[in-house]
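The figures here come from the full heavy-atom set of this structure, side chains too, leaving out hydrogens, waters and symmetry mates.
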Amino acid sequence: MSLLEGLTPAQRAAVEHVDGPLLILAGPGSGKTRVVTRRIANLVQQGIPPRQILAITFTNRAADEMRERVEQLLPESHVWVSTFHRLCVRLLRQYGNVVGLDSNFSILDTGDQKLLVRQVLSELDFDPVHFAPDKILWRISNAKNDCITPEMYQRKLEETIGDHMQMVTGKVFERYQQRLLEANSVDFDDLLIHTVTLLSENPELRATLDARHRYVLVDEYQDTNLAQYKIVAALSQQHPNLCVTGDPDQSIYGWRGARIGNIFAFRRDYPEHVVIPLEQNFRSTQSILQVADQLIGHNQKRMAKRLVTENPDGDPPQLLICPDSHQEADAVARQLRDLVETGEYRWSDCAVFYRVNALSRSLEAAFLRQRIPFQVATGVAFYERAEVKDLLAYLRLVHNPSDRSAFLRVVNSPLRGLGKTSQNRLVEWADREGLTLLEACERAKEIPKLSKAAQVKFPVFARMMGELSLAASGSVGELLSSILDRTRFLQQWEAGGSEQDGDKIANVEELVGAARSYDEHAADEISLEGFLEQVALVSDVDSIDRTTGEVTLMTMHAAKGLEFPVVVILGLEEGLIPHERSLREQNRDELEEERRLLFVGMTRAKRRLFLTQSRMRSIHGRTMPTIASPFLNEFPIERVHCDGDEWEFAQPWLEQAEASPPPQEPQLATLLPGDLMSKLKTGADLANGVTQGKVELQSGYAIGMQVRHPRYGIGTVVNLQGMGLNRTVTVRFVDGDRVQDFVSKHAPLQPIGVG
DNA sequence: TTCCCGTCGTTTTTT
DNA sequence: ACGACGGGAA
């Protein structure tokens, strides 16, 4: 098969590009993965050694998909496809000593991080109630994303009038970082910033890696933060064969430091670059694309760009309006069931997205009630269970004996009478003597004021840990079971026999199973490192399996990069979409990010798109009336009232608001150099030409008119609202009490006379 | 040292 | 409404 088969001219140009920097501006559904994988295959066909090609993604899922698709085109090619974080782990395992890390460093999860901040707070004598560890951690993480070191943070603090929280954060940051290094540990952000340091402070190493990875590809470039940007730049200096793909309209990670500007800066950074916009959408129907396009058109900071497709019109998107979240969930379940029962869709074709994870609950309940098979994208949940984390901490401690977080997690779990008091004495003494906690255990007798019992038990614990090793066990699975034996781990719950106890035992067994399957998979390259890395770097989205025949439930963030024939987006309400945090203090950028998020959600849909709005929603346990999302005024949509009669009360939130016209010309000229701008405008003009070709029809409906709908049968027009594009016609159908609004321009209604 | 109970805060999104 | 955390009792 030719690599160029079935491609548009733009796609073909991207696939054929070999040397030099390339920016692919890929709108949703534009066949980006297809183009990127074929381009990789083409590089190899042109004689470039696969080992010189490095593709970087954000999620494991994206990496797996890309790797698989490259393998299909080029079996046994072994192109390196990795996430940013894995890439960094790999570099740091090899060269981390330069930044003070031993190759067996541990990766802390958020729970460990929080605990560490708590410890640091207490060491520094700050009140953890007033200075919430979460918030401090958030600030530290933000600083790290911007490559700000503790010293820089402190210096900045001296120059400005920082608030109290900043001062505390500065102090905690410094000590936190020091503690991490002492424990030979890193947090997620460290993986990136240590790599940045590594590359910037070692010119020869940087040059070596630059030469080794001559062809670098970066997916979702609009979501890179400063650290990631620097890593990519460092690998593309002497050999700037850098290909980045992205779409500014799909930038949804600004809140965690992503800089949408990185994609605009590409031209500045690589003046000899080529830009290829992929604007044709192969995924969605016209009518879905139209609403998404109108929505995103309301963003001010944006490149002028239109979405075009040659796909059929399809069914118009609908807004399901429900009295409360319970009925909302039922309505969604019913809607999906209806679609599946037509035989046109399978459960696995359907997905439900929401802004916050909390919204999945009512849906899960409804799906259980109605016996609809579903899976929720929450992979981390398993690794967050206490018993699982404990066992993993044992592994971490075996692998990295200086891992303090792991030590403190397991030293008294299962309970062995080594409580807080004894632990504190141990830690204090170990710090004074400059020993690791395990070393201190062995010399427990020397610790002042330590109870007799603890003086005996600490060394016993240390001896047990000393006897555990991967070498002795042979495999991770075996190592785990010998940990289970030695610690009598399962005895904690075997006596109980309650349901929760059973769950815990089952979780432990599942982890052992995961370890054994890792052992098999890794074959002769079994390492504790490999297994721990695998579990440390999983994310929610990695757990979803498209082959199980189930409806998928996930956040809109997690949905990026996926597509489904049927998509439902829950909770189009102010405070939810857009999220209330983006509404505070008139933060326009955040509001635009919320709009992009909804845009991402909508553009996942191939054929059917449903939005929902519940008129009541309980938040923090209190049930409150909701306000419709302001975004609903930005595109026309059919409204379906999912409760029987309520519609007749002219509730203000039920009325079709005038859709506000999109602002004339998005202003982005300052961010966007002329060349790129003109190319994009051409595409936009083209798209405009297409839409302008359509003639605006007079609606031709009247109240009382009988109409026929291909799906819902015969009904009566009961209301008309709005003008022009947004003219809607409300029909009450004879069958099943259904009342529905149609955008009259698209309504598949056939007048059959006046009743 | 552990366990139980009451109080408090908590919610964005993720590698 | 729910879970985490802290304080007090066993």
Nearest to the [X] side chain among [options], which nucleotide is it?
X         : options                   : answer
Ala358(A) : dT15(B), dT11(B), dT13(B) : dT11(B)
Arg256(A) : dT13(B), dT14(B), dC5(C)  : dT14(B)
His557(A) : dC2(C), dT15(B), dT13(B)  : dT13(B)
Leu415(A) : dC2(C), dC3(B), dT13(B)   : dC3(B)
Arg118(A) : dT15(B), dT13(B), dG6(C)  : dG6(C)

Within the pair [X] and [N], is there a side-chain N or O less than 4.0 Å away from OP1 or OP2?
X         : N       : result
Asn357(A) : dT13(B) : yes
Asn145(A) : dT15(B) : no
Thr59(A)  : dT15(B) : no
Thr555(A) : dT14(B) : yes
Ser422(A) : dT1(B)  : yes

Regarding [X], tell me which of base, sugar-phosphate or nothing describes its non-hydrogen contacts under 4.0 Å with the strands shown.
X         : value
Asn412(A) : sugar-phosphate
Phe84(A)  : nothing
Asn60(A)  : nothing

message = Closer than 4.0 angstrom, basic N to acidic O: yes or no for Arg139(A) and Asp134(A)?
response =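 Looking at Asp134(A) together with Arg139(A), the answer is no, because their closest N to O distance does not fall below 4.0 Å.
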inquiry  = I'd like to check the ring pair (Phe, Tyr, Trp, His ring centres under 6.0 Å) partners of Trp429(A); sequence neighbours left out, ordered by chain and number.
reply    =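 Counting only residues at least two positions away or on another chain, Trp429(A) forms no ring pair (Phe, Tyr, Trp, His ring centres under 6.0 Å).
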key: His298(A) ring center within less than 6.0 Å of Phe631(A) ring center   = no
key: C1'-based separation of dT11(B) from dG6(C) [nearest Å]   =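 22 Å, rounded to whole Å.
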ask   = Does the cation-pi check pass for Arg93(A) over Phe105(A), that is, NZ or CZ under 6.0 Å from the six-membered ring centre and within 45° of its axis?
value = yes
key: Set of side-chain contact (heavy atoms from CB on, under 4.5 Å) partners for Pro248(A), sequence neighbours left out   = Leu25(A), Ile260(A), Ile263(A), Phe264(A), Met303(A)
